[in-house]
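Input: a single structure, listed below in structure tokens.
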Amino acid sequence: MNNLGLNFTDLTGLSFSELKDAVVRLNLPYFRAKQIWSWIWRHGLTDFQDMSNISKPIRSLLTKRFIISRPSISRRLKSKDGTIKWLLRLSDGQEVETVYIPEKDRGTICVSSQVGCTLTCSFCHTGTQRLVRNLTVAEICGQILLAMDEIGDWPAGKLNRRLTNIVLMGMGEPLFNYDNVAKAMKIVMSGEGIAISKRRITLSTSGVIPELIRCGEELGVNLAISLHAVNDTLRNQLVPINKKYNLKALVDTVRNYPNLSNSRRVTWEYVMLDGVNDSQEDAKALVKMISGIPSKINLIPFNPWPGSPYKTSRSNNINRFAAIVLKAGYASPIRTPRGDDILAACGQLRSDSVKKRARERESKYEGKSP
Ligand code: SAH
Ligand code: SF4
């Protein structure tokens, strides 16, 4: 609440047309909305007092009604190879992970869409976390804004920008938070703001078919499918949402995803689990299953976490698998681990932090007991 007894509106959660309405409600002209939008999304400002083309009285008015938020940083881990992983704290104390991965000709941010995940894929650490909520639009955009602050990438859209690609591959199932994810992506696509095109955004999903269809029709971003198994029995175990949306339905839906072509392929993510899904037969069944769909296959060595029931495939099995896929004509990069020295399995940083705080609470309590 502010001193007028009104709630502050966080502008990082508003589309341009919502910002325009909010500005017009303050009896300010339309062009002020354009200026504010540019300061927030092109220049990364968080303080209205820095908006130099807006008069002081109007800046004060804006300060009384609006905020431009950022998540706060709980932990920041920087790898030798430049990868940065942040554990971010949200306004209710919940935490999510965000990662920035620099490469020679691009820089990718891996964004979370939920605190935890309601799905329980058996190899995924995030899926073991019970407390789950959807991230707001401001919290999804906030991860990108904060990363740009941290890597010094303002103004957006400059030559040689450092953040060029977005992958929705962090904590959570983005299609279970479709409305907020879609609105956030439309905001960061805006040509007057961060201006990252849909061709540079990839959404990863375990296969929530109704929203997958909406995503193709309304958002048109690139698609990555967490496949991990080529028969329903195994996929039911690894990716339990398969019991609701089985492999045939999933592959048929992907086949109809709009505008697929050789220059715009679907990525099939396949986590390599020792003795579980890494045989030559699996590789052959995989290429047969996706035949005719413009595809890339991303083989991901399993990233173990404390108590995980699987082991990473042996490297000769991964190579054998990759060779079969390659022979069938599909690019099959084996995801080389980045930020090896800092990147625990996705979700582990948050779990460790939750445990640490619980221990701190306990020891405080013990200290007070008679
Ligand atoms: N919920 C979405 C996006 C987040 S998971 C999805 O499932 O696609 C992002 C990717 O990381 C998925 O392909 C997921 O299967 C993979 N993944 C999860 N845990 C992993 C682990 N321990 N090792 C390797 N990859 C993992
Ligand atoms: Fe959720 Fe994706 Fe992890 Fe499955 S792999 S539990 S859908 S975050």
Side-chain angles (χ1 to χ4, degrees), residues 85 96-99 101 108-135 140 143 166-178 180-181 185 201-209 211-212 215 221-230 234-245 250 253-254 266-274 276-278 286 295-313 318 333-340 343-352:
K85 186 165 188 168
V96 290
E97 297 174 16
T98 304
V99 186
I101 306 154
T108 304
I109 182 173
C110 178
V111 172
S112 291
S113 55
Q114 298 184 301
V115 172
C117 186
T118 43
L119 298 176
T120 51
C121 302
S122 52
F123 54 87
C124 173
H125 191 268
T126 301
T128 64
Q129 302 181 348
R130 288 214 333 271
L131 212 129
V132 179
R133 75 163 171 84
N134 282 339
L135 296 188
I140 298 168
Q143 297 171 63
I166 297 173
V167 293
L168 289 151
M169 282 188 192
M171 302 172 71
E173 169 48 60
L175 293 186
F176 275 172
N177 188 15
Y178 175 76
N180 289 350
V181 165
M185 291 305 109
I201 300 176
T202 301
L203 181 145
S204 172
T205 178
S206 56
V208 190
I209 289 183
E211 277 72 29
L212 196 49
C215 179
V221 294
N222 300 323
L223 204 57
I225 301 289
S226 291
L227 188 65
H228 311 315
V230 287
L234 181 59
R235 196 163 189 271
N236 286 346
Q237 282 172 34
L238 298 179
V239 188
I241 200 174
N242 194 70
K243 292 179 202 156
K244 188 158 184 195
Y245 304 113
L250 178 60
T253 306
V254 173
V266 173
T267 303
W268 302 92
E269 295 168 280
Y270 198 92
V271 62
M272 301 296 293
L273 305 168
D274 185 36
V276 175
N277 64 356
D278 60 353
L286 169 57
S295 298
K296 289 184 271 203
I297 295 161
N298 202 341
L299 301 178
I300 315 170
F302 170 62
N303 195 356
W305 35 275
S308 59
Y310 303 106
K311 283 197 288 198
T312 313
S313 295
I318 300 182
I334 299 165
R335 192 180 288 173
T336 41
R338 289 295 309 262
D340 255 12
L343 284 190
C346 178
Q348 209 176 313
L349 218 54
R350 172 177 178 242
S351 286
D352 290 351

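For ligands, and for the atoms within them, numbers begin at 1 and follow the listed sequence. Because only heavy atoms are used, hydrogens play no part in the values below, and waters and symmetry mates are left out as well, while side chains stay in.
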Between [X] and ligand 1, find which residue part has any heavy-atom pair under 4.0 Å and reply side chain, backbone, both or neither.
X	result
L119	neither
N303	both
W305	side chain

For [atom], grab the closest protein heavy atom and report residue, atom and distance to one decimal in Å.
atom	answer
atom 20 (C) of ligand 1	F123 CD1, 3.9 Å
atom 9 (C) of ligand 1	M169 O, 3.3 Å
atom 13 (O) of ligand 1	S226 OG, 2.8 Å

Donor-acceptor contact below 3.5 Å, side chain [X] vs main chain [Y]:
X	Y	value
S112	E97	yes
T205	I225	no
D278	I318	no
N277	H228	yes
T312	F302	yes
Q114	N177	no
T267	A224	no

Of all the heavy atoms in [X], does at least one lie under 4.0 Å from an atom in ligand 1?
X	value
G170	yes
M171	no
A224	no

Against heavy atoms of [X], which atoms of ligand 1 measure under 4.0 Å?
X	value
I300	24 (C), 25 (N)
C124	18 (C), 19 (N)
E269	10 (C), 12 (C), 13 (O)
H228	13 (O), 14 (C), 15 (O)

Any protein N, O or S atom under 2.8 Å from atom 1 (Fe) of ligand 2? Found C117 SG

Nearest 0.5 angstrom please: [X] [atom1] to [Y] [atom2], how far?
X	Y	atom1	atom2	answer
T120	L238	OG1	CG	11.0 Å
D352	H125	CG	NE2	7.0 Å
L212	S206	CG	OG	9.5 Å
S122	Y310	OG	OH	2.5 Å

Contact check: G172 vs ligand 1, nitrogen or oxygen atoms, below 3.5 angstrom
yes

Verify whether one side chain among E173 and S113 offers a donor that lies under 3.5 Å from an acceptor in the other.
no

In the complex you have, is atom 1 (N) of ligand 1 within reach of the protein, judged by whether a heavy-atom distance drops under 4.0 Å?
yes

Steps toward side chain to side chain contact (heavy atoms under 4.5 Å, CB included) verdict (L203, L175):
CA-CA 9 Å; L203 181 145; L175 293 186; 3.8 Å; yes

